[in-house]
Amino acid sequence: MIQIATTVPRFAPGDLVVHQRYRYRGVVVAVDEHCRADSSWYLKNRTQPDQSQPWYHVLVHGGGQTTYAAQSSLATDSSGEPIDHPLVEEFFTEFVGSKYRRNDRPWPGW
């Protein structure tokens, strides 16, 4: 059973992040209060971070990959560089001051 998160999300849609273990850069598209992936997906995750913390849908720089990462796995990307991903224009209107402005298009739910 997943406990409801009591941690306030550190990142918001449009924030640039870097994965602390795998070192990829990305942009947050959506935030979940806790891990919403099913148990089979979670058990395949090598690190299995706490499910009750905020989790983020991230567009990964340099290709078409998206990830679902726990808050404890992410840090702020201070490069200030835009993200190269084919879906950036689907979810963001512009890149201003090292942050993307999110549009109203919903992220596909679980």
Side-chain angles (χ1 to χ4, degrees):
M1 179 174 172
I2 298 172
Q3 295 180 4
I4 301 300
T6 56
T7 306
V8 175
R10 186 180 311 145
F11 307 107
D15 287 347
L16 300 179
V17 294
V18 62
H19 195 283
Q20 296 183 91
R21 181 176 186 166
Y22 301 117
R23 307 308 302 162
Y24 63 77
R25 296 177 54 241
V27 58
V28 173
V29 180
V31 181
D32 290 336
E33 185 177 285
H34 58 85
C35 182
R36 294 182 59 201
D38 63 31
S39 59
S40 65
W41 179 92
Y42 180 77
L43 292 173
K44 291 177 189 174
N45 186 321
R46 289 187 207 157
T47 58
Q48 296 182 352
D50 182 7
Q51 292 178 290
S52 67
Q53 65 185 310
W55 283 66
Y56 301 88
H57 299 273
V58 178
L59 303 181
V60 177
H61 175 72
Q65 184 179 6
T66 62
T67 63
Y68 192 49
Q71 180 162 285
S72 61
S73 298
L74 299 175
T76 300
D77 173 16
S78 58
S79 73
E81 298 293 321
I83 300 299
D84 177 21
H85 190 285
L87 295 178
V88 165
E89 292 182 6
E90 293 290 320
F91 295 104
F92 301 99
T93 58
E94 60 185 329
F95 184 69
V96 179
S98 74
K99 182 176 172 111
Y100 283 92
R101 289 202 179 144
R102 184 74 162 85
N103 63 23
D104 294 332
R105 184 179 209 145
W107 181 255
W110 288 97

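Quick caveat, the model's predicted, so the values are computed rather than measured.
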Problem - Criterion side-chain contact (heavy atoms from CB on, under 4.5 Å) on H57 and T66, from CA distance to verdict - result: CA-CA 7 Å; H57 299 273; T66 62; over 6 Å; no
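Heavy-atom contacts from other residues, nucleotides or ligands closer than 6.0 Å to CD of E89 number 12 or fewer.
The closest side-chain donor-acceptor pair between R25 and S79 falls under 3.5 angstrom. Side-chain N/O atoms of T67 and Y22 include no donor and acceptor closer than 3.5 Å.
No donor-acceptor pair closer than 3.5 Å links the side chain of R101 to the backbone N or O of G14. Distance alone, capped at 3.5 Å, is enough to place a donor-acceptor pair between the N103 side chain and the E90 backbone. Panel note: side chain D32, backbone C35; no donor-acceptor pair is recorded below 3.5 Å. The backbone N or O of L16 sits nowhere less than 3.5 Å from a side-chain atom of Y100 that would complete a donor-acceptor pair.
Exactly one residue among W107, Y68, F11 makes a ring pair (Phe, Tyr, Trp, His ring centres under 6.0 Å) with Y56. That residue is F11.
When all heavy atoms are compared, the tightest approach of Q71 to R10 is OE1-N, 2.7 Å. Contact detail for F92 and L59: the closest heavy-atom pair is CE1-CD1, 4.1 Å. H19 and A69 get closest at one heavy-atom pair: CD2-CB, 4.3 Å. Scanning all heavy atoms of the two residues, the minimum distance from H61 to D84 falls at ND1-N, 2.9 Å. Nearest heavy-atom pair, Q53 versus S72, reported as atom, atom and distance to 0.1 Å: OE1-N, 2.8 Å. Closest approach of H85 to Q65, counting heavy atoms only: NE2-O, 2.9 Å.
Linking Ile, Leu, Val, Met, Phe, Trp and Tyr whenever their side-chain heavy atoms come within less than 4.5 Å puts F95 and I83 in one cluster. Tracing side-chain contacts under 4.5 Å through hydrophobic residues (I, L, V, M, F, W, Y), one never reaches V28 starting from V88; they form parts of separate clusters.
D50 places none of its side-chain heavy atoms less than 4.5 Å from the side chain of H34.
Here the CG-NZ distance, from D15 to K99, works out to 3.5 Å after rounding to the nearest 0.5 Å. Atom CG of D38 sits about 8.0 Å away from atom NZ of K44, to the nearest 0.5 Å.
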